Amino acid sequence: MERSPEIALCLVCHNIDCKSRGSIEVGEAIAARLAAAGSTVEVKPYICFGACTEGPNLVLYPQGTWYSGVQPSDVPEIANHILGGSPVDRLSEGVDPDLRELILEILDSLGDL
Amino acid sequence: MEPILLTRPGSADPQPLADYQGEGGYEALSAAVKRLPEHLLSTIERSGLRGRGGAGFPVGQKWRLAASEAETQKYVVANGGEDEPGSAKDRVLMESYPHRVLEGVILAAYAIGAHEAVLYVNSLYDHATAMLDRAITEASAAGFLGARVAGSAFNLAVRIQSAPQEYVAGEDSAVLEVIEGGPPLPREKPPFPTSAGLHGKPTVVNNIETFAFIPTIVRRGPDWFRGQGTADNPGTMLFTLPSNVRSPGVVELPIGISLRVLIEDYGGGLASGKAIKAVLPGGPSSAFIGGTDLDVAMDRQPLAALGSALGCGILRIIEAGECLVEVVDGIAHFFQKESCGQCPICQMETQALARITAQVRDGQGSQQMLDQIPKLGAFARGKGFCGLISMPIPPLTSAIRLFPEDFAYHIEHGHCPASEG
């Protein structure tokens with residue numbers, strides 16, 4: 001399905017595995033960069049994307065970009081993508097396409113995230 | 001009908017050894033150890049007995065798998081974790097019929113060639129633990145346990161292991177983890193416990209109720225056992241009637257009895273006098289049976305034909321006026337809480353289901369959201385170490401199919417039809 005190119009939310013998994021790998025800190029660092037740039041994109045917690053062993057995971061919604069294994073060193077590039085720059089393709093390589101499709105459909109159905 | 005397990009109706013006292021022997025107790029063991037284990041294995045296979053822990057796997061087949069392993073060290077584990085919400089049947093057996101359970105365990109050990117057995121007992125069951133402990137002492141003193149069981153060359157040690165209060169702690173391989181001193185986490189399968197179980201050795205894990213059938217089957221023969229129940233699923237079974245019937249509690253009845261007869265004749269019907277809206281016939285992972293299907297036979301195949309399951313015979317009855325949305329929201333949150341966290345897709349699925357049911361419950365849901373439930377179930381199937389990953393789907397999808405009006409009302413109003421005004 002064709003998805004909107006828009007990014008309104010950066011959903012960061014806060015479940016046990018992703019959290020233990022530093023997802024909260026990554027989310028806070030992204031939020032700080034977005035705030036400094038005056039962006040209206042919100043960084044919000046979500047539980048869970050089902051890719052725990054590849055975490056920390058985050059999904060840019062509604063665009064549907066899924067980043068896994070995100071490290072603090074990746075934050076500048078991710079923030080740059082959210083602010084209109086290029087996607088960070090290397091962080092999307094390990095994502096199971098079937099799982100991504102299911103998760104995006106669930107996110108679409110949930111509406112209010 | 002002739003009871004096989006609950007032979008002392010009205011008495012909750014533990015059956016003393018002498019009383020059990022008066023019923024023919026330990027005769028099966030004394031006879032069995034004079035013959036080759038093959039005879040015992042063949043008897044259990046021919047009886048058609050299925051496990052009473054929920055999955056209904058043929059007991060003889062499971063024993064045969066463990067018996068045929070070349071290892072010399074083998075184990076038998078009696079699963080009395082009983083964490084299924086509402087279940088009390090294993091407790092009744094352990095408290096009131098401890099020797100029946102114990103003799104079944106000893107026979108299983110002889111059949112597969114095990115010399116150690118573990119009774120895995122819910123940690124809240126202090127009385128059951130004490131009664132089993134006493135039975136072990138009495139049986140040992142009488143020569144039915146320890147060295148030279150019933151005068152034979154066979155020896156067996158039995159001990160009790162306390163079971164944690166978690167749903168997955170009753171899953172076969174999680175039971176083994178606990179006995180080995182670890183947390184109650186299911187193992188990836190294969191290998192199955194019959195080939196690599198406790199300490200990596202062949203192990204038979206059966207439910208307490210399953211073991212309790214064994215002595216009488218051996219003493220009276222497989223053909224006698226097949227005289228009750230159905231061809232596919234012979235014998236009787238313990239059913240647990242819920243607190244909203246006039247006579248709640250555990251009853252023993254032939255497999256195949258109608259759900260309506262079970263509730264009306266043996267449970268006395270609903271105490272409120274209301275009509276039955278739906279029934280979960282086999283615990284929280286079975287599918288709801290609608291009020292128009294109450295004549296279904298309580299057996300695997302007829303219930304499967306309605307998309308449901310026999311499980312361990314724990315009934316939950318939903319009364320007219322109750323809202324299914326709140327019921328399934330409780331079930332979804334139960335499985336979310338009980339998912340052990342080992343398997344990513346199970347975590348995602350159970351979290352997503354609980355979020356969907358909560359949003360529908362609170363009026364923030366949609367039909368599109370409900371449509372995700374079967375898709376989640378299809379995606380998740382087989383992607384977990386244990387069966388929990390598939391358990392929330394049947395109750396949720398059946399409730400939505402049978403009572404769409406309850407869900408539509410919640411989506412629109414954010415509360416139950418019954419709570420209006």
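All values reported here derive from a predicted model rather than from experimental measurement. Chain identifiers are assigned alphabetically (A, B, ...) following the order of the sequence lines, protein sequences preceding nucleic acid strands; residue numbering begins at 1 within each chain.
Neither the backbone nor the side chain of Asn57(A) comes within contact range of chain B, judged by heavy atoms closer than 4.5 Å. With a 4.5 angstrom heavy-atom cutoff, Gln359(B) touches chain A only via side-chain atoms. For a residue to count as touching a neighbouring chain, one of its non-hydrogen atoms must lie under 4.5 Å from one of that chain's; by this rule Leu376(B) touches chain A with backbone and side chain alike. For chain B, the nearby part of Asp17(A) is the side chain; its heavy atoms alone come within less than 4.5 Å.
Contact of the Ile103(A) side chain with the Met348(B) side chain is registered, since non-hydrogen atoms from C-beta on lie closer than 4.5 Å. Between Tyr46(A) and Gln351(B), every side-chain heavy-atom pair lies at or beyond the 4.5 Å cut-off.
Between Ser109(A) and Gln372(B), the shortest heavy-atom distance links the atoms OG-CG, 3.4 Å. Heavy-atom minimum distance, Ala51(A) versus Pro344(B): N-CB, 4.3 Å.
To the nearest 0.5 Å, atom CD of residue Gln368(B) and atom CD1 of residue Ile106(A) are 11.0 Å apart. Summarising the geometry, atom CD1 belonging to Ile16(A) is positioned 11.0 Å from atom CD belonging to Gln342(B); distances are rounded to the nearest 0.5 Å. Separating the CZ atom in Phe379(B) from the CD atom in Glu105(A) is a distance of 11.5 Å, to the nearest 0.5 Å. Atoms CD1 and CD, from Ile47(A) and Gln336(B) in turn, are 8.5 Å apart once rounded to the nearest 0.5 Å.
Counting non-hydrogen atoms of other residues, nucleotides and ligands closer than 6.0 Å to NZ of Lys383(B) gives a total above 12. Crowding of Gln165(B) atom CD: a count of heavy atoms from other residues, nucleotides or ligands under 6.0 Å exceeding 12.
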